[in-house]
Visitor: 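Sharing a structure with you now.
Count residues from 1 along the sequence.
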Amino acid sequence: MNGFEFQGLPIDAVIFDHDGVLVDSELIAMEIITQLLNENGIKSTVSEAFNYHLGRGFESVTERLVEVNPEFDPINFAAEFHRTLFTAFENSLMSISGIAALLETLRDSGIPLAIGSSGTRERVNLGIGLTALGEYFPSQYIFTREDVSRGKPDPDIFLLAATRLGISPTKCLVIEDSPHGVTAAKRAGMKVIGLTLRTNPELLTSADALVTEVDQILKLISDTTLSKDA
């Protein structure tokens with residue numbers, strides 16, 4: 001296995017967020033969330049949705065609506081959202097530019113890859129299936145909000161991933177695009193690179209490093225490649 005290090009520490013696994021890191025879904029989702037919030041009495045904009053909901057589970061949306069209308073039905077609303085979202089995915093979802101090449105390089109090196117997402121497993125499976133990224137992630141290394149009692153910004157998803165991978169959190173690198181995801185990774189004791197492709201860099205300042213494009217990630221972790229026995 002080829003060795004990688006980041007900021008002087010060995011990296012033995014890389015955990016990817018799904019939306020906005022593997023697949024270019026964030027704008028699609030935030031446009032739909034904004035429309036549904038406005039239709040249900042909460043004035044919102046796409047920019048506000050990015051700032052408030054990015055990287056959080058969909059319950060962050062339904063919680064706001066229940067506050068406004070205690071009789072609001074969050075279950076049916078969530079089902080409507082996901083139906084609309086998945087249709088949009090099937091029509092226009094693309095992978096993030098450069099991500100397939102990064103995954104190929106990491107996989108060929110022998111480093112384990114995992115997903116830690118605030119979305120549902122159905123959403124993640126659809127996303128990586130439509131974009132042909134599923135081959136890089138064994139199903140047992142895909143972790144979603146449904147697998148833990150607390151979502152991001154709590155560290156549970158990432159800690160679960162480290163446990164299942166059998167790798168210390170301190171040797172895991174997380175790739176995230178949301179402030180809640182960055183916070184979750186840091187709370188888990190992991191190093192984290194913030195991808196600012198769709199996110200305001202000012203929201204990700206607690207990350208250990210920021211990149212504007214996926215192509216920059218490999219340079220950060222391979223400039224000082226460690227020598228390890230295969």
Visitor: Sort out for me which residue in I15, L195, D17 forms a side-chain contact (heavy atoms from CB on, under 4.5 Å) with E176.
Guide: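 Testing each of I15, L195, D17 against E176, the sole residue satisfying side-chain contact (heavy atoms from CB on, under 4.5 Å) is D17.
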Visitor: Please check this pair: side chain of K152 against backbone of G116, looking for a donor-acceptor N/O pair closer than 3.5 Å.
Guide: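 Looks like yes, one N/O pair under 3.5 Å.
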Visitor: Walk me through whether T45 and S47 qualify under side-chain hydrogen bond (donor to acceptor under 3.5 Å, both in side chains).
Guide: CA-CA 5 Å; T45 65; S47 177; 4.9 Å; no
Visitor: Would you check if F16 and I99 make a side-chain contact, meaning some heavy-atom pair closer than 4.5 Å?
Guide: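 Yes, at least one pair of side-chain atoms sits under 4.5 Å.
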Visitor: Should I221 and L106 count as side-chain neighbours, where that means a heavy-atom distance under 4.5 Å?
Guide: yes
Visitor: Any side-chain heavy-atom pair from F77 and N40 closer than 4.5 angstrom?
Guide: yes
Visitor: Less than 4.5 Å apart, any side-chain heavy atom of L22 and any of T131?
Guide: no
Visitor: In Å, rounded to the nearest 0.5 Å, how long is the span from OG of S117 to CD of E146?
Guide: 9.5 Å
Visitor: Rounded to the nearest 0.5 Å, what's the gap from CG on D19 to CE on M30? Could you check?
Guide: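 Output value for this atom pair is 8.0 Å.
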Visitor: Would you say L197 and V214 are hydrophobically clustered, going by side-chain heavy atoms of ILVMFWY under 4.5 Å?
Guide: yes
Visitor: Find out whether C172 and F158 are in side-chain contact, i.e. whether some heavy atom of one side chain is under 4.5 Å from a heavy atom of the other.
Guide: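 Answer no - side chains too far apart.
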Visitor: Is the side chain of N200 donor-acceptor paired with the backbone N or O of E202 at a distance under 3.5 Å, no angle test?
Guide: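 It does hold such a pair.
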Visitor: For the side-chain contact (heavy atoms from CB on, under 4.5 Å) test, which of T196, I193, L204 pairs with V211?
Guide: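 Answer after filtering T196, I193, L204: I193.
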Visitor: If you look at every heavy atom in P169 and M190, which pair is closest and at what distance?
Guide: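 What the structure gives for the nearest pair is O-CG, 3.2 Å.
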Visitor: Side-chain contact, heavy-atom cut-off 4.5 Å: N38 with K43?
Guide: yes
Visitor: Is there side-chain contact between D208 and K186, with at least one heavy-atom pair below 4.5 Å?
Guide: yes
Visitor: Give the minimum heavy-atom separation between F81 and R123, together with the two atoms involved.
Guide: CE2-NH1, 3.9 Å
Visitor: Is L173 reachable from I96 through a run of hydrophobic residues whose side-chain heavy atoms are each under 4.5 Å from the next?
Guide: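 Linked within one cluster.
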Visitor: If you look at every heavy atom in L165 and A114, which pair is closest and at what distance?
Guide: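 L165 and A114 have their closest heavy atoms at CD1-CB, 4.1 Å.
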Visitor: How long is the gap from NE2 on H82 to CZ on F89, to the nearest 0.5 Å?
Guide: 8.5 Å
Visitor: How close do T34 and S44 get, counting heavy atoms only, and between which atoms?
Guide: CG2-O, 3.5 Å
Visitor: Determine whether more than 12 heavy atoms belonging to other residues, nucleotides or ligands lie under 6.0 Å from atom CD of E90.
Guide: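 For E90, atom CD is crowded (more than 12 foreign heavy atoms under 6.0 Å).
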Visitor: What's the spacing between T84 OG1 and I33 CD1 if we round to 0.5 Å?
Guide: 11.5 Å
Visitor: Is there a donor-acceptor contact under 3.5 Å from the side chain of R121 to the main chain of I142?
Guide: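 Flag set: sc R121 to bb I142 pair under 3.5 Å.
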Visitor: How about L103 and E135: do any of their side-chain heavy atoms sit closer than 4.5 Å?
Guide: no
Visitor: Nearest 0.5 angstrom please: F143 CZ to I115 CD1, how far?
Guide: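 Answer rounded to 0.5 Å: 10.0 Å.
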Visitor: Go through the steps for E80 and R83 under the test salt bridge (Lys or Arg N to Asp or Glu O under 4.0 Å), then give the verdict.
Guide: CA-CA 5 Å; E80 177 187 356; R83 281 195 300 270; 5.7 Å; no
Visitor: Given the rule that I, L, V, M, F, W and Y join up when any side-chain heavy atoms are under 4.5 Å apart, are L130 and L27 in one cluster?
Guide: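 Yes, it is one cluster - the side chains of L130 and L27 are joined through contacts under 4.5 Å.
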Visitor: Check for me, please, whether L220 and I217 land in the same ILVMFWY cluster - side-chain distances under 4.5 Å, paths through other members count.
Guide: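 Yes.
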Visitor: Can you give me the closest heavy-atom contact between P155 and A188, atom names plus distance?
Guide: CB-N, 3.6 Å
Visitor: Using 0.5 Å steps for rounding, measure from the OG atom of S95 to the CD1 atom of I128.
Guide: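 The OG atom of S95 sits 12.0 Å away from the CD1 atom of I128.
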Visitor: What's the shortest heavy-atom distance between S149 and D156, and which atoms?
Guide: OG-OD2, 4.1 Å
Visitor: Look at the side-chain heavy atoms of Ile, Leu, Val, Met, Phe, Trp and Tyr, link any pair under 4.5 Å apart, and say whether V21 and Y136 land in one connected group.
Guide: yes
Visitor: Is the number of heavy atoms from other residues, nucleotides or ligands within 6.0 Å of CZ (R164) greater than 12?
Guide: no
